[in-house]
Number of protein chains: 2
Amino acid sequence: MDAAHDTQTRSNGGLPVFGSDTCAAELDEMMKNAQEASNFLKAISHEGRLMILCHLASGEKSVTELEELLSARQAAVSQQLSRLRLEGLVQPRRDGKAIYYSLTDDRSTKIIEVVYNLFCGKNRQT
Amino acid sequence: MDAAHDTQTRSNGGLPVFGSDTCAAELDEMMKNAQEASNFLKAISHEGRLMILCHLASGEKSVTELEELLSARQAAVSQQLSRLRLEGLVQPRRDGKAIYYSLTDDRSTKIIEVVYNLFCGKNRQT
DNA sequence: GGTCCATATTCGACAAACGTAATATGTTTG
DNA sequence: CAAACATATTACGTTTGTCGAATATGGACC
C-alpha cells in the first residue's frame, strides 16, 4: 500500500485525511463516491421513508400495516416503497394478497442504526 | 424503566423494536424524531455539501479552498455553506479576508464517518 | 368469469431545491 | 478613501420531489 497516496486515515476514528498531496484523480474518485452516497442519503432523508425503514428494522411489514403506522395514504406509502425498492433498500415478498416488505441492504440497517442513536436513543449522544 | 413500554432494544445492535404494544404516543414521538432526523439527512444528502463536510473532516478550509476542491462556483459553495451553517453543522472563523470553516457538530462527524466507511472505505462493507 | 381486496402505477398540480448572474458587505492595502 | 479581494445575499429561471386522484394489476374466493 502506497503511503503517499493513502487517503485512508490512521488513528483518526476512521475519517479520511486529504492532505496537500490529494491529487485530481483522488478528487475525481471522491466525487463519484459522493454522488453515490448522496443518492443513498436522499433516498432515506424523507420523513416517511425514514419511518418505513425504522419500522422495517423490527421485522417485515405489509403495506397496509405501514399505512396505519404512518397514518399515510395508500398511494403515498406505495410510492415511497417503490423508491426504496429501486434503491435496493427494501425487498417485497408476496403472501396471498398482501405484500410484505423487509430491509435488504446492510447499508440501510447501518445508517438507520446510527440515525436512531443520534435522534431517537434515550442515551442520545451529544 | 417500564419494560412493557421499552421501545429500546436489547441484543439487537441498538435498533428499535416496535412490538404490538407500540402505542399512538410512541408513534407520535417517533414522527417528531423522524422529522428532525430527515431534516438533518436532507442537509447532508447533497453531493456538494457532502464533499464539503468530508473535506472539513480533515481540518478547516477557506471558502476559496473549497471552491477549488469542489470545482464549483463561489456563490454555490457559499450557499451550501450557508445551509450547513444554519443547520449548525459547520462554523465560520474569520482570519483577515478569508473565512475558514470547520465542523461543529458531533452528528456530522459521526454520520460522515459512517457514510465514508460505506461508500469510500477501501474495506468497504457489503 | 366476476367481484373484492391489496398493491402498484400514472398523471397533473404544486412546492422546494439548485445554480447562475448580479449585487452587497466587509477587510486589507496603498 | 479608493481599489482589490473574499465572501454573502438576492432575484430568477429551471429542475426535482411530493402528494392526491384516478386507474391498472394481480391474487383470492364465490
Side-chain angles (χ1 to χ4, degrees), chain A residues 31 34-56 59-104, chain B residues 31 34-56 59-104:
Chain A
M31 270 191 241
Q35 190 158 15
E36 202 188 339
S38 77
N39 280 339
F40 173 79
L41 288 171
K42 276 181 185 129
I44 68 172
S45 64
H46 175 274
E47 189 177 346
R49 289 195 290 270
L50 204 48
M51 287 195 60
I52 289 176
L53 292 174
C54 203
H55 280 299
L56 293 187
E60 64 174 14
K61 303 268 183 302
S62 73
V63 180
T64 308
E65 285 176 307
L66 289 173
E67 283 174 46
E68 288 163 2
L69 286 168
L70 304 197
S71 317
R73 315 238 165 170
Q74 185 266 324
V77 173
S78 195
Q79 278 175 40
Q80 306 311 339
L81 283 170
S82 169
R83 170 80 188 270
L84 293 172
R85 216 185 322 125
L86 286 177
E87 302 282 344
L89 300 185
V90 302
Q91 202 175 17
R93 176 182 72 84
R94 173 144 239 155
D95 181 16
K97 303 184 231 177
I99 295 191
Y100 290 87
Y101 278 88
S102 54
L103 297 182
T104 39
Chain B
M31 269 190 242
Q35 189 158 15
E36 201 188 341
S38 77
N39 280 339
F40 173 78
L41 289 171
K42 276 182 186 127
I44 68 172
S45 64
H46 175 274
E47 188 177 346
R49 290 194 289 270
L50 204 49
M51 287 194 62
I52 289 177
L53 292 174
C54 203
H55 281 298
L56 293 187
E60 65 175 15
K61 303 268 184 300
S62 74
V63 180
T64 308
E65 285 176 307
L66 290 173
E67 284 175 44
E68 288 162 1
L69 286 168
L70 304 197
S71 316
R73 314 240 166 172
Q74 186 266 323
V77 172
S78 194
Q79 280 178 61
Q80 305 313 338
L81 283 170
S82 169
R83 170 80 189 268
L84 293 172
R85 215 185 321 125
L86 286 177
E87 301 282 344
L89 300 185
V90 301
Q91 201 175 19
R93 175 181 73 84
R94 171 146 240 153
D95 181 16
K97 302 184 232 178
I99 294 190
Y100 290 87
Y101 278 89
S102 55
L103 297 183
T104 38

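A, B, ... follow the sequence lines: proteins, then strands. Residue 1 opens every chain. Small disclaimer: the values here were computed from a predicted structure and weren't measured.
- Checked by distance alone, Gln79(B) brings no side-chain donor or acceptor within 3.5 Å of a matching partner on the base of dA8(D).
- Atom-to-atom, CG of Leu66(A) to P of dA6(C) comes out at 14 Å; the value is rounded to the nearest Å.
- The heavy-atom pair separating Leu56(B) from Tyr101(B) by the smallest distance is CD2-O, 3.3 Å.
- When the side-chain nitrogen and oxygen atoms of Arg94(B) are compared with OP1 and OP2 of dT28(C), none of them lie within a distance under 4.0 Å.
- Heavy-atom nearest nucleotides on DNA chain C were determined for Ala98(A) and for Ala75(A), and the one closer to the 5' end corresponds to Ala98(A).
- OP1 or OP2 of dA21(C) sits under 4.0 Å from a side-chain N or O of Arg73(B).
- The phosphate of dT18(D) (OP1 or OP2) has a side-chain N or O of Arg49(A) nearer than 4.0 angstrom.
- If you take CD1 of Ile44(A) and P of dG17(D), they are 15 Å apart, rounded to a whole angstrom.
- The shortest non-hydrogen separation linking Leu84(B) to Ala43(B) is CD2-O, 4.0 Å.
- Nearer to the 5' terminus of DNA chain D, by closest-nucleotide assignment, is the contact made by Ala76(A) (compared with the other of Ala76(A) and Lys97(A)).
- Note that CD of Gln80(A) is 11.5 Å distant from CZ of Arg85(A), once rounded to the nearest 0.5 Å.
- Proximity note for Arg85(B) (side chain, C-beta onward) versus dA8(D), dT7(D), dA6(D): the nearest is dA8(D).
- The nucleotide whose nearest atom lies closest to any side-chain atom of Ile99(A) is, among dT9(D), dA8(C), dT7(D), dA8(C).
- Remark: P of dT18(D) and CD of Gln80(A) are 6 Å apart, rounded to the nearest angstrom.
- Residue His46(A) has no polar side-chain atom (N or O) positioned under 4.0 Å from OP1 or OP2 of dT16(D).
- The nearest whole Å value for the distance from the CZ atom in Arg83(A) to the P atom in dC19(D) is 12 Å.
- In this structure, Glu47(B) places its CD atom 9 Å from P of dG19(C), rounding to the nearest Å.
- Nearest to the side chain of Val63(A), among dT9(D), dA8(C), dT20(C), sits dA8(C).
- The shortest heavy-atom contact between Ile99(A) and Pro92(A) is CG2-CB, 3.8 Å.
- When rounded to the nearest whole Å, the span between CG of Asp95(B) and P of dA6(D) equals 13 Å.
- One atom, CZ of Arg93(A), and another, P of dA8(C), lie 14 Å apart when rounded to the nearest Å.
- Proximity of Tyr101(A) to the phosphate of dA6(C): no side-chain N or O atom is located under 4.0 Å from OP1 or OP2.
- Under 4.0 angstrom from either OP1 or OP2 of dG20(D) there lies no side-chain N or O belonging to Gln74(A).
- Atoms OH (Tyr100(B)) and C1' (dG26(C)) sit 16 Å apart, rounded to a whole Å.
- Contact between Met31(A) and Glu47(B) at its shortest, heavy atoms only, is O-OE2, 3.6 Å.
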